[in-house]
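All heavy atoms count here, side chains included; hydrogens, waters and symmetry mates do not.
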Amino acid sequence: LADLPTVEKVSQSHSPLQEFIRTVVVSGRTASQYPVYLKRIDHAYLGITGQSLALGRNFSAAEIQQGASVALVNTAFAQGLERDGGVLGTALSRGDGDTYTVVGVVDDLAYPGTAADSPRIYLPASEAGSNFIIKFHPGQRMSREQLVAFIATVNPCLGVFLYDDLDRQRSDILLPRRITATATLVVALVVMLVSAMGLYGMVSYTTRLARAEIGTRRAFGAQPRHIVLMLMNDNLAAVACGCIASAAVALLVLPRVHPWFGAHEFAVRWVDAAAALGALGLLAAIACYLSARPLLQQSPASALREAER
């Protein structure tokens, strides 16, 4: 495969988009246990994925052929090992009794649906494996029929079980998340619209009740911005109480529904909460301004006459 004119690189490894295996390794230095994500690769894998070495070296072709007990770790995992006394040369063992020596540290890489800073370990792939990654030269491709025909010339007993494009695999992986993100955005917009209508109704009602006070303040020379600030102080307190009540309900409900979802799928960051609160505060401020605007355009005498009706 590597000798074909259309092929740039070939790696006898699992697809970069294939899920990592969850496992636990034990450090030979401190006997500390580390939950990590494992993938088996060969010496050409990093060149195809574009990952660079931050420390140490890559696997060699000889180590892949010999099945050497060496390992690569990503930067996120290396930080944990560094706290325990070092990275390169650390012996890591699995439950099957095999021990691997860390020879290099690779940069973190974000895979679709996973965080870039997840701890990962890469072990040598077996030459008996049947998984290959083929990187073509720019503008070059090979159809499944062409690949099958080429393999038949090498060994008629071999076949192709799956031949797929990584771009299409990535699209398939991201499709459910894109649908979820779109549905979430639509629901969020609907919720924001309903919230805006509710806030405007509440603020408009309280503004009507305060007509006499607003007219009196304007008669004594209060500026429009002072009136708007007064309404905001009166109404944002109610909004703050609603936010506190919502947060309390969320803290009670989230621990019960969180086990139904993956930790990564259902993660809520403080930035998300801050953005939601900021948007709600902005809606409340706009509602106060729109409610006060008709009264501010009236003369103080007109506002007082309407308040007496």
With Ile151 as reference, evaluate Val148, Leu147, Asn155 under the side chain to side chain contact (heavy atoms under 4.5 Å, CB included) test and give the passing residue.
Leu147
Considering non-hydrogen atoms only, spot the tightest contact between His14 and Lys39 and give its length.
CB-NZ, 4.3 Å
Taking the six-membered ring of Phe20, is the NZ or CZ of Arg120 close enough (under 6.0 Å from the centre) and on axis enough (within 45°)?
yes
Arg40 side chain to Pro124 main-chain N or O, any donor-acceptor pair under 3.5 Å?
yes
So, does Gln146 use its side chain to make a donor-acceptor pair with the main chain of Ser143 at under 3.5 Å?
yes
Hphob cluster co-occupancy, Val24 + Leu38, side-chain heavy atoms under 4.5 angstrom
no
Find the distance between CD (Gln33) and OG (Ser93) and round it off to the nearest 0.5 Å.
9.0 Å
Using a 4.5 Å cut-off on heavy atoms from C-beta on, say whether the side chain of Ser69 contacts that of Thr99.
no
Does Phe59 offer a backbone N or O that forms a donor-acceptor pair with the side chain of His43 under 3.5 Å?
no
Tell me the closest heavy-atom pair linking Gln169 and Ser15, and the distance in Å.
OE1-OG, 3.4 Å
Yes or no on side chain to side chain contact (heavy atoms under 4.5 Å, CB included) for Leu189 and Leu193, after CA distance, side-chain angles and deciding distance?
CA-CA 6 Å; Leu189 292 176; Leu193 178 61; over 6 Å; no
So Met142 and Leu4, do their side chains get closer than 4.5 Å, heavy atoms only?
yes
Would Tyr37 and Ile21 count as a side chain to side chain contact (heavy atoms under 4.5 Å, CB included) here? Give the steps.
CA-CA 5 Å; Tyr37 295 88; Ile21 300 173; over 6 Å; no
Measuring from Glu8:CD to Lys135:NZ, what's the distance to the nearest 0.5 Å?
4.5 Å
Step-by-step side chain to side chain contact (heavy atoms under 4.5 Å, CB included) determination, Val190 to Met192:
CA-CA 5 Å; Val190 172; Met192 295 293 287; over 6 Å; no
Would you say the side-chain atoms of Asp107 pair up with the backbone N or O of Asn74, donor to acceptor, closer than 3.5 Å?
no
Taking C-beta and beyond as the side chain, do Ile134 and Lys9 meet within less than 4.5 Å on heavy atoms?
no
Would Val36 end up clustered with Val26 when hydrophobic side chains under 4.5 Å apart are linked, directly or stepwise?
no
Distance col, row Thr180:OG1 vs Leu185:CG, nearest 0.5 angstrom, shows 12.5 Å
Gln51 side chain to Val106 main-chain N or O, any donor-acceptor pair under 3.5 Å?
no
On a heavy-atom basis, which atom in Ser118 and which in Ala76 lie closest, and how many Å separate them?
O-CB, 4.1 Å
Does the side chain of Leu53 come within less than 4.5 Å of Val105's, by heavy atoms?
no
Just verifying a value: how many Å separate Thr182 OG1 and Arg177 CZ, rounded to the nearest 0.5 Å?
13.5 Å
Is the backbone of Tyr45 close enough, under 3.5 Å, to the side chain of Asp42 for a donor and an acceptor to pair up by distance?
yes
Verdict with reasoning, Ile121 to Leu92, per side chain to side chain contact (heavy atoms under 4.5 Å, CB included)
CA-CA 10 Å; Ile121 182 172; Leu92 300 174; 3.9 Å; yes
Interatomic spacing from OH in Tyr122 to CG in Asn58 - rounded to 0.5 Å:
11.5 Å
Identify the two heavy atoms, one from Leu123 and one from Ala71, that lie closest to each other, and give their separation to 0.1 Å.
CD2-CB, 3.6 Å
Side chains of Leu55 and Leu88, heavy atoms from C-beta outward: is any pair under 4.5 Å?
yes
Closest non-hydrogen contact found for Ser13 with Ile41 is OG-CA, 3.3 Å
Within the side chain of Arg144, is there an N or O that forms a donor-acceptor pair under 3.5 Å with the backbone of Asp164?
no
Just wondering, are more than 12 heavy atoms of other shown residues or ligands nearer than 6.0 Å to CZ in Phe136?
yes
Is Val154 reachable from Val7 through a run of hydrophobic residues whose side-chain heavy atoms are each under 4.5 Å from the next?
yes
Side-chain contact, heavy-atom cut-off 4.5 Å: Tyr100 with Val70?
no
Once rounded to the nearest 0.5 Å, what's the spacing between atom OG of Ser171 and atom CZ of Arg178?
5.5 Å
Minimum heavy-atom separation for Pro16 and Thr49, please, with both atom names.
CG-CG2, 3.9 Å
Between Leu282 and Tyr200, is there shared hydrophobic-cluster membership here, with clusters defined by ILVMFWY side-chain heavy atoms closer than 4.5 Å?
yes
